Amino acid sequence: MDIAQLLDRLNEPQQHAVTAAAHENIVVLAGAGSGKTRVLAHRIAWLLTTELARPHNILAVTFTNKAAREMQGRISQLLDEPTQGMWAGTFHGLAHKLLRIHHDFAQLPQNFQVLDDSDQERLIKQILKQLELDEKVWTPKKAKGFINRHKEQGIRAQAIEIQSHEIWYLRMRDIYLAYQTHCQQQGLVDFSELLLRSYEIWRDYPELLQQYRQRFRFVLVDEFQDTNHIQYAWLRLLAHPETAFFVVGDDDQSIYSFRGAKVEHIQLFTEYFSPSRLIRLEQNYRSSGMILAAANGLIAHNSRRLGKKLWTQGAAGEPVYLYTAYNEREEAEFIVEKIQEWTGSLQQVAILYRTSAQSRQFEEILLQKSIPYRIYGGLRFYERAEVKNALAYLRLAYYNQDDGAFERIINTPKRGLGERSLEIIRGHARRHGLSLWQAAEELLAEDTFSKKIATTLHDFINYINTITQKTQIAELDEIIQYIHDSSGLLMHYEKEGKDEAQRRKENLEELIAAAKEYPKNSVEDGFDPITAFLSHAALEAGDIQGDPNQTCVQLMTLHLAKGLEFNLVFLCGLEEDLFPHKNSIEENQVEEERRLCYVGITRAKQKLYLSHCETRFRFGSRELSRPSRFIKEIPSELLQVVRLQRVATSFHATLAKYPTGTWVKHPKFGRGVVLQTEGNGEAARVQVYFPQLGNKWLVLAYAGLQKE
DNA sequence: AGGAAGCCACTTTTT
DNA sequence: GTGGCTTCCT
């Protein structure tokens with residue numbers, strides 16, 4: 001594509017951004033739907049076509065794998081030649097690549113393993129056990145949070161300042177230290193470690209940094225508002241007078257502060273990377289006028305904004321519809337009904353929700369009406385137990401020292417090597433500083449075990465060795481096929497029931513397919529294919545499930561929806577304590593929730609439905625839900641209330657029948673006495689004390705309560 | 001050693 | 001409602 005063509009489909013501020021001079025540092029403050037990805041892709045295409053840069057000089061960073069793929073796709077659409085030599089990917093992906101190349105600087109073994117989130121938690125759990133700490137007090141979750149938070153701040157365990165009054169702090173520090181030591185010995189790297197370690201090698205080896213500074217003359221960052229401390233610090237190391245930074249972000253779409261992201265980095269950038277220029281993209285090309293106005297109205301309730309007002313030349317379009325459902329099931333039924341009325345492509349329909357758990361209701365109804373759908377997120381492909389187990393066989397075969405893999409599969413499927421035998425192996429390993437594998441071999445040689453155990457263990461080791469032999473001759477997918485056929489995992493799952501086994505079998509088959517597809521990209525990086533594939537599995541938890549070509553309704557959390565757009569959007573569960581989520585309200589994070597809602601609204605191009613329920617089943621009982629504050633914050637003239645005809649019930653009148661102290665009867669719980677009542681005119685509930693059960697809240701419409 | 005039954009805590013969001 | 005974990009029984 002020639003230069004003129006690159007520019008003529010851009011508006012003025014977009015052109016300014018794309019054609020900025022080679023020495024300029026640019027911040028693009030880009031509102032939702034204002035062509036952010038487009039500007040980024042065009043900027044890269046511009047740099048290459050004008051020959052300001054060769055692909056080799058470009059570093060392009062995104063946050064999600066999805067965004068990385070999309071950017072790559074756009075660039076290759078704009079350019080005729082391939083962009084080989086360009087580094088483009090997520091922070092984690094790039095950090096990983098850097099560490100593989102410079103594993104010696106990083107003091108890591110060449111085949112270091114990447115721990116995903118659940119691996120990390122598992123490992124911490126084991127360490128807590130080793131330290132003999134009570135898991136109830138020092139929960140793995142809290143320890144994980146502590147460790148990751150500190151790594152994200154660039155703080156090593158040794159560097160944590162000890163506040164003597166805080167025993168909790170001291171103990172956490174010990175856990176962090178033990179974890180860190182263990183990972184180092186085992187060659188394990190968790191997500192935050194990828195970033196921290198990459199930062200450290202650049203910081204500590206100036207000659208290495210120099211090499212990259214000279215190479216990456218153009219650094220482009222997407223979703224800059226989502227950078228955390230260590231990512232920002234890493235980028236800052238690259239800064240020198242010859243480097244041009246081009247960062248794109250939207251403070252109103254910052255939704256990852258729980259992971260350490262700081263909007264302030266946008267402001268800090270302008271101070272540190274001077275001289276720099278701020279370009280605002282405020283023209284929205286995506287949503288109808290009404291939808292945009294709703295988004296603007298909502299986000300105006302946030303303080304501490306950089307300030308930006310989106311506008312559109314497009315038509316006002318339809319109002320935003322608001323639906324009030326009785327309960328989550330009815331909410332799902334309503335939404336599915338509206339989907340059935342929709343005449344456009346199902347691919348253009350999205351159901352968005354705050355928490356993954358909400359997807360279940362929709363799944364059921366969609367299945368029932370045979371509407372094809374696809375759920376993103378939730379339990380992702382490589383996180384599934386059967387997939388992780390199959391990969392653990394591969395890991396152990398390829399790398400005998402992998403204790404995590406050993407622990408995972410030594411008795412999966414059940415082969416009679418239980419906790420007792422394992423504890424003996426663990427003890428021996430610990431005493432002699434061996435891996436579990438080595439310990440098992442030594443113990444076998446020393447004839448410690450009973451005949452039965454020894455035979456089983458021997459068989460296990462031999463079996464793994466047969467896989468090891470395969471790894472030297474066979475292709476990746478053949479190895480996994482072999483594991484699939486011979487490990488007994490399938491039989492193991494068949495005991496769990498037919499449907500379950502079928503699903504797991506399909507997943508394992510998909511894993512083989514994924515392995516077959518894989519080698520292409522890994523060869524280029526020059527890493528050995530097995531290590532590369534395993535890292536890929538951890539880094540890209542992967543939504544390879546489902547046929548991407550099939551047109552289907554898209555279901556996802558709001559976090560996953562960022563960067564996408566749909567003609568018809570359902571934003572559901574707009575209820576206090578769910579959205580905004582209870583935890584966020586308690587942690588003073590309502591502004592972030594509001595931004596999340598803003599992200600959701602701005603996904604819609606033509607039609608947007610908001611919905612909430614009067615009651616919802618949560619935490620094991622039916623709860624009364626109040627409409628989200630966000631609904632009230634959208635200017636009411638933009639909303640059109642839709643409500644199915646139904647029998648009007650005066651809940652106030654119903655409530656009056658159950659004053660405090662009334663004796664009642666419940667079909668299941670028996671006799672009880674009313675303690676208190678509450679209601680909002682649309683629904684009502686009473687708290688009843690049942691002598692055998694204690695207090696229970698019951699929603700009147702469902703309780704089946706009778707006055708005694 | 002392994003299975004069944006019962007108990008518990010948990011459900012924010014992601015690389 | 002659910003899944004993970006412990007406990008107890010075989």
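Letters A, B, ... mirror the listed sequences (proteins, then strands); counts begin at 1. Remember, predicted model here, so these are calculated numbers, not experimental data.
By the 4.0 Å N-to-carboxylate-O rule, A/R305 lies close enough to A/D252 to be salt-bridged with it. Salt-bridge annotation for A/K262 and A/E152: absent, with no side-chain N of the basic residue lying under 4.0 Å from a carboxylate O of the acidic one. A salt bridge links A/K562 to A/E223: one of the charged nitrogens lies within less than 4.0 Å of a carboxylate oxygen. Under 4.0 Å is where a charged nitrogen must lie from a carboxylate oxygen, and between A/E633 and A/R594 at least one such pair does.
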Exercise answer: donor-acceptor pairs, residues 139-148 of chain A side-chain atoms, under 3.5 Å, sequence neighbours excluded:
| from | atom 1 | to | atom 2 | distance (Å) |
| --- | --- | --- | --- | --- |
| A/T139 | OG1 | A/K142 | N | 3.1 |
| A/K144 | NZ | A/D117 | OD2 | 3.1 |
| A/K144 | NZ | A/E121 | OE1 | 2.9 |
| A/N148 | OD1 | A/Q120 | NE2 | 2.9 |
| A/N148 | OD1 | A/S192 | OG | 2.8 |
| A/N148 | ND2 | A/Q120 | OE1 | 3.3 |

Nucleotides 3-10 of chain C: protein proximity per nucleotide (B base, S sugar-phosphate only, - neither; heavy atom, under 4.0 Å): --S-----

Letter per nucleotide, 5' to 3', of nucleotides 3-15 of chain B [B base touched, S only sugar-phosphate touched, - untouched; heavy atoms, 4.0 Å]: S-------BBBBB

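Following rounding to the nearest Å, A/R415 (CZ) and B/dA1 (C1') show an atom-to-atom distance of 14 Å. For A/L422 and B/dG2, the CG to P distance is 12 Å, given to the nearest whole Å.
A/F258 is linked by a ring-ring contact (aromatic ring centres under 6.0 Å, His included) to A/Y256, A/H559, counting only residues two or more places apart in sequence or in another chain. Every residue meeting the ring-ring contact (aromatic ring centres under 6.0 Å, His included) condition with A/F191, not counting sequence neighbours, appears here in chain and number order: A/H92. Taking A/R100 as the reference, nothing meets the salt bridge (Lys or Arg N to Asp or Glu O under 4.0 Å) condition, with sequence neighbours excluded.
B/dT13 and C/dG4 have their P atoms separated by 15 Å, given to the nearest Å.
Residue contacts for A/I453: at a heavy-atom cut-off of 4.0 Å it reaches the sugar-phosphate backbone alone, with no base atom in range.
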